[in-house]
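One structure below.
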Amino acid sequence: MAEDVAGPAPSDAAPPSGGSGGSGDSGGSGSRAGRNLPLAIGVALLMGAVIIVSLLTVRQTWIAIVAVSAAVGTWEVFGALNRAAGIRLSRVPVLIGGQAMIWLSWPFGTEGILASLMVTVLGCFVWRMRLGAAGFVRDVGASMLVLVWIPLGMAFGAMLVVPPDGSARVLTFLIIVVCSDTGGFAAGVLFGKHPMAPKVSPKKSWEGLVGSMVLGAAGASLTIMWLLGSTWWYGLILGPLLVCTAVIGDLVESLIKRDLGIKDMGQTIPGHGGLMERLDSLVTSAPVAWLLLFLLIPPMT
């Protein structure tokens with residue numbers, strides 16, 4: 001999720017040498033956004049086109065996109081934790097279990113996710129036992145963090161596409177998060193003066209949050225009305241809540257990168273850094289989007 005831009009942050013909030021300024025803080029373009037914007041926008045449009053085509057043709061392709069994205073994001077975070085902190089992670093159980101959570105969410109729903117989660121937790125314990133007691137709690141705890149943060153969140157994103165109107169549900173979810181991102185960036189660049197979380201992400205401003213809320217609520221209302229054929233004011237509930245979860249996801253990733261002293265989780269996507277720089281707001285928003293859409297607009301049968 002791209003950062004909005006606030007005014008100068010307090011000096012104690014400046015990232016340490018080699019540290020991260022949060023999602024979207026990596027250099028290279030000289031723009032206020034901190035990234036090569038033309039390249040980043042072009043790559044984002046290409047990714048969006050692939051997703052839209054898949055949803056409008058064979059909607060179940062979305063599950064494959066989610067599964068691949070979860071695997072890449074998990075691998076990036078594992079690599080960052082190992083390189084920066086020397087954490088020995090249960091890579092194999094988390095990668096295999098994460099895929100099971102996503103794919104079993106299709107036929108079995110939340111029961112499939114929960115069963116896969118518990119089996120994967122046991123697998124992480126057993127996998128790490130072979131290395132002995134030193135660092136066991138730290139290593140297993142980090143593995144659990146990644147497992148719950150990325151594959152679990154994305155499994156709920158996969159479930160959005162299962163109902164007959166699943167394509168509309170996924171598009172509604174994605175459009176709201178994109179509106180949140182775009183509104184926050186635009187308002188932050190134009191009006192941002194008051195840092196929202198200077199010790200976490202100095203470039204994120206309260207003005208940007210207002211922009212995210214306004215555009216997120218508008219996008220939610222329009223998509224719920226046009227794509228899902230339901231009551232427009234449901235968007236006034238769904239939009240702001242997804243904006244909050246998206247911002248939380250962005251801040252969480254910024255904190256992890258700041259703690260590790262890195263700028264990006266990886267260099268997977270040109271102009272964006274790692275794939276996690278794009279997934280951070282999605283993984284925390286997907287469970288809430290699935291739950292609220294399920295409650296507000298019960299799936300078609």
Side-chain angles (χ1 to χ4, degrees), residues 1-3 15 18-28 34-36 39-40 43-44 46-48 50-51 63-103 120 123-124 127-128 138-158 174 177 181 200-201 245-246 248-286:
M1 179 178 178
E3 296 244 353
S20 167
S23 302
D25 280 351
S26 64
R35 291 199 186 276
N36 184 329
L39 177 61
V43 172
L46 178 61
M47 294 168 62
V50 171
I51 291 173
I63 300 175
I65 293 174
V66 169
V68 171
S69 299
V72 174
T74 298
W75 188 262
E76 287 181 350
V77 175
F78 275 175
L81 290 170
N82 183 256
R83 290 190 303 271
I87 298 176
R88 296 172 294 180
L89 299 127
S90 302
R91 293 176 185 258
V92 173
V94 173
L95 286 169
I96 295 176
Q99 291 298 299
M101 291 164 63
I102 292 170
W103 287 104
T120 306
C124 289
W127 187 268
R128 181 56 183 78
R138 179 200 65 176
D139 296 345
V140 171
S143 296
M144 302 298 177
L145 169 64
V146 178
L147 176 66
V148 173
W149 180 26
I150 303 175
L152 179 60
M154 298 195 72
F156 283 93
L174 293 176
V177 175
D181 192 356
V200 179
S201 185
T245 56
I248 290 171
D250 193 15
L251 293 177
V252 165
E253 199 209 14
S254 292
L255 271 175
I256 292 174
K257 292 191 295 186
R258 192 172 287 274
D259 186 28
L260 296 176
I262 60 177
K263 184 167 290 187
D264 290 315
M265 288 293 184
Q267 296 297 327
T268 308
I269 308 177
H272 291 261
L275 183 61
M276 277 306 300
E277 271 64 53
R278 299 279 63 86
L279 294 180
D280 54 4
S281 54
L282 295 171
V283 294
T284 50
S285 300

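Since we're looking at a predicted model, the values are computed, not measured.
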Quick one: does [X]'s side chain get under 4.5 Å of [Y]'s, heavy atoms only?
X      : Y      : answer
Met154 : Ser69  : yes
Ile256 : Met265 : yes
Thr120 : Leu147 : yes
Ile51  : Leu174 : yes
Met144 : Val94  : no

(message) So that I can tick it off, tell me whether Glu253 and Arg258 are bridged by a salt bridge, with the cut-off set at under 4.0 angstrom between side-chain N and carboxylate O.
(response)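 Looking at Arg258 and Glu253, the cut-off is not met.
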
(request) I would like to know whether Val146 and Leu81 meet side chain to side chain contact (heavy atoms under 4.5 Å, CB included); could you show each step before the answer? (result) CA-CA 10 Å; Val146 178; Leu81 290 170; 3.9 Å; yes

(message) Can you give me the closest heavy-atom contact between Leu89 and Asn82, atom names plus distance?
(response)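 Closest pair (atom of Leu89, atom of Asn82, distance): CD1-N, 4.3 Å.
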
(request) For Ala64, enumerate each residue passing the side chain to side chain contact (heavy atoms under 4.5 Å, CB included) test, keeping only those at least two apart in sequence or located in another chain. (result)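 In terms of side chain to side chain contact (heavy atoms under 4.5 Å, CB included), with neighbours along the sequence ignored, Ala64 is linked to Trp103.
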
(message) Ser281 and side chain to side chain contact (heavy atoms under 4.5 Å, CB included): which single residue from Asp181, Val177, Thr245 fits?
(response)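 Passing option: Val177.
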
(message) I need the Ile63 CD1 to Ile102 CD1 distance, nearest 0.5 Å.
(response)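 If we round to the nearest 0.5 Å, Ile63:CD1 and Ile102:CD1 are 9.5 Å apart.
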
(request) Count the heavy atoms of every other residue, nucleotide or ligand shown that sit under 6.0 Å from CH2 of Trp149, and state whether that count exceeds 12. (result)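 Above 12, so yes.
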
(message) For residues 84-99, which residue pairs pass the salt bridge (Lys or Arg N to Asp or Glu O under 4.0 Å) check, not counting sequence neighbours?
(response)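 Every salt bridge (Lys or Arg N to Asp or Glu O under 4.0 Å) pair that includes a residue of residues 84-99, provided the two are not neighbours, is Arg88-Asp139.
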
